[in-house]
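Step one of this worksheet: look at the structure below.
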Amino acid sequence: MSDFSGYLCEGNLVAGQWIGADSGETIDVTNPATGEKLGTVPNCGAVETKRAIDAAHAAFKSFSQTDLNTRVGLLHRLREALLDNQEALAQLLTAEQGKPLAEARGEIGIGAAYVQWFAEEIRRAKGEIVPAPTGDRRLLVTRHPVGVVGMITPWNFPSSMLARKIAPALAAGCTVVAKPATATPYSGLAWAKLCEEAGYPSGTVNILTGSARGIGGAIMEDARVRKVTFTGSTEVGKELIRQSADTVKKVSMELGGNAPFIVFDDADIDAAIQGAMVSKYRNMGQTCVCANRIYVQAGIHDAFVEKLTAATAALKVGNGTEDGVEQGPMIDMDAVEKVEQFITDATEKGGKVVQGGKRHALGQTFFEPTVVTGATQDMAFATEEIFGPLSPVFKFDSEEQVVEMANATDFGLCAYVYTRDLGRVFRLNDALEYGMIGVNSGLITTVEAPFGGVKESGMGKEGGSQGLDDYLDTKYVAVAGIK
Ligand code: ADP
């Protein structure tokens, strides 16, 4: 086992110093697989956050002026620091979050890939010269870093969610004040250490842990923070959008999902099962793009259920550090209870548990991967995000019917479709109200493509060439009097 102690940072990085909270208060961090305490982090609030914003604002003046080559070089060093320490960072991630090590290694890997992507993409953040209406002038469109960026991230991907915010911000020449989730702060704080190691100037990257309202409130009310990027629940996202009005900040919001996973009669069933397993059970079902509702066409419904049940029963549950484990613990007891409520609600309304359905014999927050059949649109998981290892299977008859069912939610993040009918693929691309659509694949996140939702799943994109847009302001300059 790789020693992660070098990246278990028990302080916060503010203005180039590793600090504790002014009050001296700390918060315990525990390993969800064992219940053991891993360490503590500072319980910081508004006062320390204001200091971080002061530092980021001061650093912005010079950092925003650095040469492109310098910024790209720093990003390359940051990527190398991540990859050189991939194993330790993955162990740390599993220890505080619970996901199997293979997934944790993948998360650090994709974080490094985001850093590389934005190091490349910033070289192509071009402006425009627009044809002018008269010959005496030239019209230029130029792009500039927005300023200090506030970042608030969740516990389910505590490393890569920061990667796709920190990397475009630093690429663009912005400075950072970030707050990782309290349940998994170390993978976030590790970014502060990595950025120091890469050579970022003091004050460029500040990371604080503690009170969500204290830190979040200070970020939101400060006019010097020009953009806030948030990944988390729709409820908190809406509150942040409201708070952003007073200082008219740019916001990007990556909020909840309720992904339909639609399997048509003409699909390759085995491929669909493989896709459903990865989409549903990755990170114990705790991703915003997890299959939330599995819709299966009547002709293959029973065969699909049989295979899904067998595959779900075969999942190996245990501590994510153990070899071959595919399902770790859930993040906390609230998450376990929420899944139990979905199961109770479904069975009361006629659903049938055909696999799992209860807490796992391992104790802690381990839960049996579960399949419920006979799912209907009046059940709670039809409209709410499950965020747990529960597969509800709905039966449908026609394409028209399933599109209506799939869109009957306030969310619009990701949808999956399994079919071999090319015409249907394009019809569904038009009809499904989702920001991302996976056709014959259950895993579509990649640095090259814009990740993000429509409707109440949020606004703004992360990754792709679009992933830089929110970190750059556009200016138009008219140069007249040239004739
Ligand atoms: P989840 O728990 O599903 O990840 P949350 O929206 O509760 O989603 O949390 C995501 C992040 O938002 C966490 O870092 C959390 O501490 C932070 N957060 C929660 N409430 C607020 C708030 N009122 N203001 C600012 N940040 C908040």
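Numbers here are sequence positions counted from 1. Just so you know, ligand 1 is whichever comes first in the structure, and atom 1 is the first atom listed for that ligand. Below, each value reflects all heavy atoms present in this structure, side chains not excepted, and no hydrogens, waters or symmetry copies.
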Can you sort out which atoms of ligand 1 are near [X], meaning under 4.0 Å from one of its heavy atoms?
X	answer
Ile152	11 (C), 12 (O), 14 (O), 17 (C), 25 (C), 26 (N)
Pro154	4 (O)
Gly216	25 (C)
Trp155	1 (P), 2 (O), 4 (O)
Ala181	14 (O)

- Message: Applying the side-chain contact (heavy atoms from CB on, under 4.5 Å) criterion to Met220, which one of Thr247, Val228, Ile241 satisfies it?
- Response: Val228
So which bit of [X] gets within less than 4.0 Å of ligand 1, heavy atoms only: side chain, backbone, both or neither?
X	value
Phe387	neither
Thr153	backbone
Met220	neither

Side-chain ion pair, [X] and [Y], N-O less than 4.0 Å:
X	Y	value
Asp334	Lys338	no
Glu239	Arg213	yes
Asp470	Lys227	yes

Nearest to [atom], what protein heavy atom do you find, and at what distance?
atom	value
atom 8 (O) of ligand 1	Ser233 N, 3.4 Å
atom 18 (N) of ligand 1	Ala212 CB, 3.6 Å
atom 21 (C) of ligand 1	Val236 CG1, 3.5 Å
atom 16 (O) of ligand 1	Lys179 NZ, 2.9 Å

- Message: Looking at Ser159 and Ser187, would you say the former's side chain and the latter's main chain have a donor-acceptor pair under 3.5 Å?
- Response: no
- Message: Is it the case that the side chain of Asn258 and the backbone of Ala382 share a donor-acceptor pair, with hydrogens and angles ignored and the cut-off at 3.5 Å?
- Response: yes
- Query: With under 30° as parallel and over 60° as perpendicular, where do the rings of Tyr416 and Phe261 fit, or are they tilted in between?
  - Reply: tilted
- Using the ring of each side chain (for Trp, its six-membered ring), is Tyr295 parallel, tilted or perpendicular to Phe394, with breaks at 30° and 60°? tilted
- Can an N or O of Thr231 be found at a distance shorter than 3.5 Å from an N or O of ligand 1? no
- Message: To check you understand the geometry: which heavy-atom pair defines the closest contact between Lys99 and Asn156, and what is its length?
- Response: NZ-O, 3.0 Å
- Task: For atom 1 (P) of ligand 1, state whether the nearest protein heavy atom is under 4.0 Å away.
- Result: yes
